[in-house]
Amino acid sequence: MSGRKETVLDLAKFVDKGVQVKLTGGRQVTGTLKGYDQLLNLVLDEAVEFLRDSDDPLKTTDQTRRLGLIVCRGTAVMLVSPTDGTDEIANPFSQPDGA
């Protein structure tokens, strides 16, 4: 095994494309992915936050807040998905047929 950490996510194909990011604590933002690192710190441009419902903080509303250029700390990132649909990937946990 090499000493280099490898991530299951390949975010390179999402650079300069729209992504939706869910963060711990229930926050949700969308924007254009401009960069990332191995710790999953994300740089988003033209970011928009979806505001949460005051009655139920786990639900988001249609109200938004423009944030502009932001950095999402990797420890807070729970989900990264493209805004243009989904992309099917091979299951990294499946066993080969002969195993």
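- Side-chain contact between Val19 and Val21 is present, with at least one heavy-atom pair separated by less than 4.5 Å.
- Judged by distance alone, with hydrogens and angles left aside, the side-chain atoms of Thr32 form no donor-acceptor pair with the main-chain N or O of Gly18 at under 3.5 Å.
- Summarising the geometry, atom OG1 belonging to Thr24 is positioned 10.0 Å from atom CZ belonging to Arg73; distances are rounded to the nearest 0.5 Å.
- Between Leu23 and Cys72, the closest side-chain pair of non-hydrogen atoms falls below 4.5 Å.
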Table please: side-chain donor-acceptor pairs of residues 40-51 below 3.5 Å, with sequence neighbours left out.
from, atom 1, to, atom 2, distance (Å)
Asn41, OD1, Gly74, N, 2.6
Asn41, ND2, Asp37, OD1, 3.4
Asn41, ND2, Asp37, OD2, 3.0
Glu49, OE1, Arg27, NH2, 3.4
Glu49, OE1, Arg65, NE, 3.2
Glu49, OE1, Arg65, NH2, 2.5
Glu49, OE2, Arg27, NE, 3.0
Glu49, OE2, Arg27, NH2, 3.4

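- Summarising the geometry, atom CZ belonging to Phe14 is positioned 9.5 Å from atom CG belonging to Asp84; distances are rounded to the nearest 0.5 Å.
- Judged as a salt bridge (Lys or Arg N to Asp or Glu O under 4.0 Å), and not counting sequence neighbours, the contacts of Asp16 are Lys34.
- You'll find the side chain of Tyr36 reaches within 4.5 Å of the side chain of Val15, heavy atoms only.
- Remark: Gln28 CD to Lys22 NZ distance equals 5.0 Å, nearest 0.5 Å.
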